[in-house]
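Just so we're on the same page: letters track the sequence lines, and every chain starts at 1.
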Amino acid sequence: MSTEQPDVDVEPEEDLPEQMRIRRDKRERLTDAGMDPYPVQVPITSTIAGVRAAYPDLELDVATGEKVGIAGRVMFVRNTGKLCFATLRSGEGTELQAMLSLANVGEEQLDSWKALVDIGDHVFVSGEVITSKRGELSVLADTWSMAAKALRPLPVAHKPLSEDTRVRQRYVDLIMRPEARQMARTRVATVAALRRSLDSRGFLEIETPMLQTMHGGATARPFVTSSNAFDLELFLRIAPELFLKRAVVGGIERVFEINRNFRNEGADSTHSPEFAMLEFYQAYADYRDVAALTRELIQEAALAAVGTLEVVHADGSVHDLSGVWPEISLYGSTSDAVGVEITPMTGRAELLALCSKAGIEVQPTAIAGKLVEELFEHHVIDSFEGRPVFVMDFPVDTSPLVRDHRTDAGKVEKWDLYVNGYEQATGYSELVDPIIQRQRLVEQAALGAGGDVEAMRLDEDFLRALEYGMPPSGGVGLGIDRLLMTLTGLGIRETILFPLVKPER
RNA sequence: GCGCCGCUAGCUCAAGUGGUAGAGCAGCUGACUCUUAAUCAGCGGGUUGUAGGUUCAAGUCCUACGCGGCGCACCA
């Protein structure tokens with residue numbers, strides 16, 4: 001963590017903006033005066049929140065007699081001649097006023113405070129808890145010291161940071177925007193609720209490989225890397241599915257994982273190259289069972305994280321997550337919207353004509369199932385308003401890991417859950433027949449050999465596992481970032497604390 | 001990957017048709033013992049994203065590149 005680039009200028013002082021030069025100079029002056037700008041410790045006795053909690057409603061101009069030592073970041077200063085005020089804030093956002101009066105701290109300390117403390121510095125203040133004449137809860141300092149000098153000025157508190165700065169310098173965003181701090185906590189609350197819900201239903205959380213010798217479990221383009229020690233090409237996983245199923249074969253019949261997937265594809269307001277996903281598998285359940293469980297998980301997470309099932313976004317849109325969610329048929333809803341009966345038997349030529357008529361651009365090589373999904377996305381999705389919708393029963397040729405529908409030929413037992421206009425989760429009755437699974441993966445491998453970079457590969461070890469017998473199971477993949485988007489109304493890059501961004505310069 | 005728009009002080013933004021680059025906050029100096037987007041007086045701060053080009057003159061026009069946003073394509 002400290003290999004200097006050879007061409008890095010170690011002493012860039014001359015080129016620095018004025019405000020950074022001044023702050024560096026103050027750091028020197030602190031050192032020269034024997035005041036450590038970065039002490040290893042400051043003797044705090046309370047947190048800012050602790051002081052506030054201890055004195056929730058004092059009258060104006062009260063002295064409590066209690067002495068405390070507190071530390072916080074200076075967010076705002078009002079220096080008058082002999083009495084200085086500063087607003088200190090702790091990391092979670094609680095604020096407390098510090099007051100330094102000539103009478104209490106003496107001329108030397110008051111002068112050094114005025115000369116050396118900037119907005120953004122972490123300072124320590126020791127003194128009595130009082131309220132000011134205006135009633136502001138304050139610590140009237142006997143002494144102060146620097147806890148950590150800030151060398152860069154904070155942005156203007158009253159103007160919104162540019163989106164670019166917020167994402168690239170999330171640390172500044174977290175300092176400046178309560179919403180950014182809240183997002184970090186909402187995310188934790190959501191993930192914790194999902195874990196709690198699954199744990200209470202007997203699911204076991206496991207961790208499966210991020211580095212895989214063979215990518216599978218989804219149709220997506222992987223990131224490629226390599227192991228020096230093994231002289232081996234490796235892939236960052238695009239999904240944990242094939243390993244979680246191995247676990248089910250091994251007897252972990254209720255299993256889940258919450259972790260990152262990596263897909264080497266485009267990024268926009270609903271896609272991030274690395275994204276968090278919950279996958280869970282339940283033996284002796286089918287796709288309807290796991291659909292019901294998915295709804296419960298989302299409802300429980302919403303209540304835990306945002307306290308309501310009627311989520312209102314900043315744009316005023318209302319997303320009602322309560323109750324039982326409607327189901328529609330993929331083929332049925334698409335047929336209705338297009339005005340032509342579409343079934344798994346509908347030919348490619350007719351589907352291509354329907355796409356073309358609707359102005360949908362499709363790959364000339366697209367298979368029939370893909371075309372049906374295109375028609376569905378083009379004609380039906382926009383009609384979902386504010387309610388989550390389960391879209392039931394997908395084409396077999398786009399779903400190589402899903403069991404054939406028990407009654408409808410050409411379909412598989414798969415649903416997609418649409419919330420807020422995007423795919424929030426998908427669930428299957430899992431394909432557990434090793435012979436059929438092998439045929440499907442051989443077809444995928446053929447697509448891959450034909451140049452389809454998203455096709456799955458033939459994972460012999462996965463097939464070997466299935467050959468030992470996997471119980472009938474339902475499985476679900478649920479996007480964590482997208483759930484956060486639903487719960488907060490924000491874009492995916494706001495739900496991820498440190499999303500991938502291109503380097504500056 | 002393609003198209004459109006943007007990039008100006010530490011931050012957020014201004015600067016008809018090309019003519020000496022400005023404001024608010026922040027900063028510096030001074031005043032002020034109850035302020036809380038403090039107030040008052042004064043003062044600094046810019047390679048206008050980068051590199052070229054046109055022009056007497058470029059923040060402004062042209063070209064390329066970088067980064068971002070939006071739309072399209074791909075995907076969840």
* To do: May I have the distance from A:K26 (atom NZ) to B:rA26 (atom C1'), rounded to whole angstrom?
  => 11 Å

* Shortest side-chain distance from A:P155, nucleotide among B:rG10, B:rC11, B:rA76 -> B:rC11

* Asked: Quick one: are A:L417 and A:W325 in side-chain contact, heavy atoms under 4.5 Å?
  -> yes

* To do: Could you check how far CD1 of A:I22 sits from P of B:rG45, rounded to whole Å?
  => 11 Å

* Asked: Within the structure shown, what part of the strands sits under 4.0 Å from A:D481 by heavy-atom distance: base, sugar-phosphate, or nothing?
  -> nothing

* To do: Compare side-chain N and O positions of A:K502 against OP1 and OP2 of B:rG68 and report whether any pair is under 4.0 Å apart.
  => yes

* Can you find an N or O donor on one side and an acceptor on the other, under 3.5 Å apart, linking the side chain of A:E18 with the base of B:rG44? -> yes

* Can you tell me how far C1' in B:rC74 sits from the matching atom in B:rA57, rounded to whole Å? -> 48 Å

* To do: Check every strand shown and say whether A:A425 touches a base, only sugar-phosphate, or nothing at a heavy-atom separation below 4.0 Å.
  => nothing

* Would you mind classifying the nucleic acid contact of A:S162 as base, sugar-phosphate or nothing, using non-hydrogen atoms under 4.0 angstrom? => sugar-phosphate

* When you compare B:rU47 with B:rU33, how far apart are their C1' atoms, in angstrom units rounded to a whole number? -> 46 Å

* Asked: With sugar-phosphate meaning primed atoms plus P, OP1 and OP2, does A:F275 contact a base, only sugar-phosphate, or nothing at under 4.0 Å between heavy atoms?
  -> base

* **Candidate nucleotides B:rG69, B:rU36, B:rA76, ranked by approach to the side chain of A:R493 - the nearest** => B:rG69

* When all nucleic acid strands are considered with a 4.0 Å heavy-atom cut-off, which category describes A:R482: base, sugar-phosphate, or nothing? -> base

* Indicate, with a heavy-atom threshold strictly under 4.0 Å, whether A:L102 touches base, sugar-phosphate, or nothing. => base

* Asked: Is there a side-chain polar atom (N or O) of A:R168 under 4.0 Å from OP1 or OP2 of B:rG68?
  -> yes

* Provide, to the nearest angstrom, the distance between the CG atom belonging to A:L154 and the P atom belonging to B:rU12. => 13 Å

* Asked: Given the P atoms of B:rU12 and B:rA37, what is the spacing between them in whole Å?
  -> 22 Å

* Asked: Considering only the P atoms, how many Å lie between B:rG6 and B:rC40, rounded to the nearest integer?
  -> 37 Å

* Structure fact -> Nearest-nucleotide check on RNA chain B, A:S101 vs A:T87; residue mapping nearer the 5' end is A:S101

* Structure fact -> Taken to the nearest whole Å, CZ/A:R23 to P/B:rG27 is 7 Å

* Remember a base hit wins even if backbone is also touched, and classify A:S132 as base, sugar-phosphate or nothing at under 4.0 Å, heavy atoms. => base

* Touch class at under 4.0 angstrom, heavy-atom based, for A:M99 against every strand present -> base

* Can you find a side chain N or O atom of A:K159 that sits less than 4.0 Å from OP1 or OP2 on B:rU12? -> no

* To do: Classify the nucleic acid contact of A:Q97 as base, sugar-phosphate or nothing, counting any heavy atom under 4.0 Å across all strands shown.
  => base

* Does a salt bridge link A:K133 with A:D61, judged by any charged N lying under 4.0 Å from a carboxylate O? -> no

* Structure fact -> Of the candidates B:rC28, B:rU33, B:rC34, the side chain of A:F85 sits closest to B:rC34

* Using the P atom in both, what is the distance from B:rG18 to B:rC2, to the nearest Å? -> 31 Å

* To do: Scan A:T219 against the nucleic acid and name what it touches under 4.0 Å (heavy atoms): base, sugar-phosphate only, or nothing.
  => sugar-phosphate

* To do: Remember a base hit wins even if backbone is also touched, and classify A:S272 as base, sugar-phosphate or nothing at under 4.0 Å, heavy atoms.
  => base

* Hey, does A:D416 reach any base, or is it just sugar-phosphate, or nothing, if we go heavy atoms under 4.0 Å? -> nothing

* On a whole-Å scale, what distance lies between the P atoms belonging to B:rC25 and B:rA41? -> 12 Å

